[in-house]
Every structure is written in C-alpha cells, then in structure tokens.
Amino acid sequence: MDNKFIEKASGAIADKYRLQILLALSEKGSLNNSDIQEMTGLSQPCVSHHVKTLIDSGLVNSHKEGRNQNLSLNKEGLKDLSGFLTKLT
C-alpha cells in the first residue's frame, strides 16, 4: 500500500466540503463544477481548489467535455483507502 496515497486521500476527506462532494458523487454518479458550486454555495475558485484536491488525492476522476469538467468517483482509489482503514481494526 502506498503511504503517500493514504496521506493524500485521508487529507482530502478531512474537509467538510470535500466530504460533501464525495457523498454527492456517490449518490448522483457524476457532477460538474457548477453543480458543486450550487450545492455548496462556494465561489468558483474555491470549488476549483476542492475539486483539484480530490483529483490529486486519487479519489475522484475528471473528464473534460468542452468547458465542463465532469467528475466521478475513482472506485479503485476508494477501495484502496477502505482496505487501509479496514487493516486498522
């Protein structure tokens, strides 16, 4: 298990807005930055920061379609994080 990945992923979910984004992605399957901005009430630059953190952590995938950035959960990354947390019990 890559400790750097665990460090980034756990840091990413430690923020209430990023956790909210992950939960919404789990429910809806995909979101774009406008959806996240509407859901959280955050400014566009703030949303971009949180989205970049989630992508860099390996928990979220990003697919560009024109000007839109569509986000989805990275199931493999989530499984790796879950596996690490399970080992702690």
Side-chain angles (χ1 to χ4, degrees):
M1 179 116 355
D2 182 14
N3 286 343
K4 194 127 190 113
F5 166 75
I6 298 301
E7 188 178 322
K8 282 186 170 188
S10 59
I13 63 172
D15 179 86
K16 70 178 183 177
Y17 292 111
R18 292 191 291 265
L19 189 56
Q20 184 181 2
I21 293 166
L22 288 172
L23 291 170
L25 283 170
S26 174
E27 291 175 14
K28 298 181 182 194
S30 69
L31 295 169
N32 62 39
N33 284 9
S34 297
D35 297 330
I36 295 169
Q37 189 174 0
E38 186 177 308
M39 176 183 72
T40 61
L42 296 172
S43 67
Q44 190 277 325
C46 197
V47 167
S48 292
H49 165 75
H50 288 301
V51 166
K52 182 177 180 346
T53 301
L54 287 168
I55 292 168
D56 290 348
S57 75
L59 297 177
V60 171
N61 294 320
S62 170
H63 308 285
K64 278 263 202 193
E65 286 184 24
R67 291 183 158 188
N68 290 327
Q69 182 178 23
N70 293 318
L71 307 170
S72 61
L73 292 176
N74 179 351
K75 304 276 184 177
E76 289 303 312
L78 290 166
K79 284 180 188 175
D80 290 345
L81 180 59
S82 176
F84 169 77
L85 294 172
T86 300
K87 288 181 182 182
L88 298 178
T89 59

Pairwise salt bridge (Lys or Arg N to Asp or Glu O under 4.0 Å) hits with a residue in residues 10-26, at least two apart: none

Which residues share a salt bridge (Lys or Arg N to Asp or Glu O under 4.0 Å) with D56, sequence neighbours left out: K52

Can you name the residues that form a side chain to side chain donor-acceptor pair (under 3.5 Å) with Q44, not counting sequence neighbours? S48

Atom OG of S62 and atom CG of L54: how far apart are they, to the nearest 0.5 Å? 11.0 Å

Taking the side chain as every heavy atom from C-beta outward, state whether L71 and I36 have any pair of such atoms under 4.5 Å apart. yes

All side-chain contact (heavy atoms from CB on, under 4.5 Å) counterparts of S82, not counting sequence neighbours: T86

With sequence neighbours left out, the residues meeting side-chain contact (heavy atoms from CB on, under 4.5 Å) with E38 are none

E7 meets the salt bridge (Lys or Arg N to Asp or Glu O under 4.0 Å) criterion, sequence neighbours left out, with none

Between N74 and I55, is there a side-chain heavy-atom distance shorter than 4.5 Å? no

Among all residues two or more places apart in sequence or in another chain, which pass the side chain to side chain donor-acceptor pair (under 3.5 Å) test with S72? none

Do you know the tightest heavy-atom contact between A9 and L59? O-CD1, 3.7 Å

What pairs of donor and acceptor atoms, side-chain ones from residues 19-35 against any protein atom, are under 3.5 angstrom apart with sequence neighbours left out?
| residue | atom | partner | partner atom | Å |
| --- | --- | --- | --- | --- |
| N32 | OD1 | S34 | N | 2.9 |
| N32 | OD1 | D35 | N | 2.9 |
| D35 | OD2 | N32 | N | 3.0 |

Quick one: ring-ring contact (aromatic ring centres under 6.0 Å, His included) pairs with a partner in residues 24-83, sequence neighbours left out? Y17-H50

Who passes side chain to side chain donor-acceptor pair (under 3.5 Å) against N70, sequence neighbours left out? E65

In Å, rounded to the nearest 0.5 Å, how long is the span from CG of L78 to CD of E76? 9.5 Å

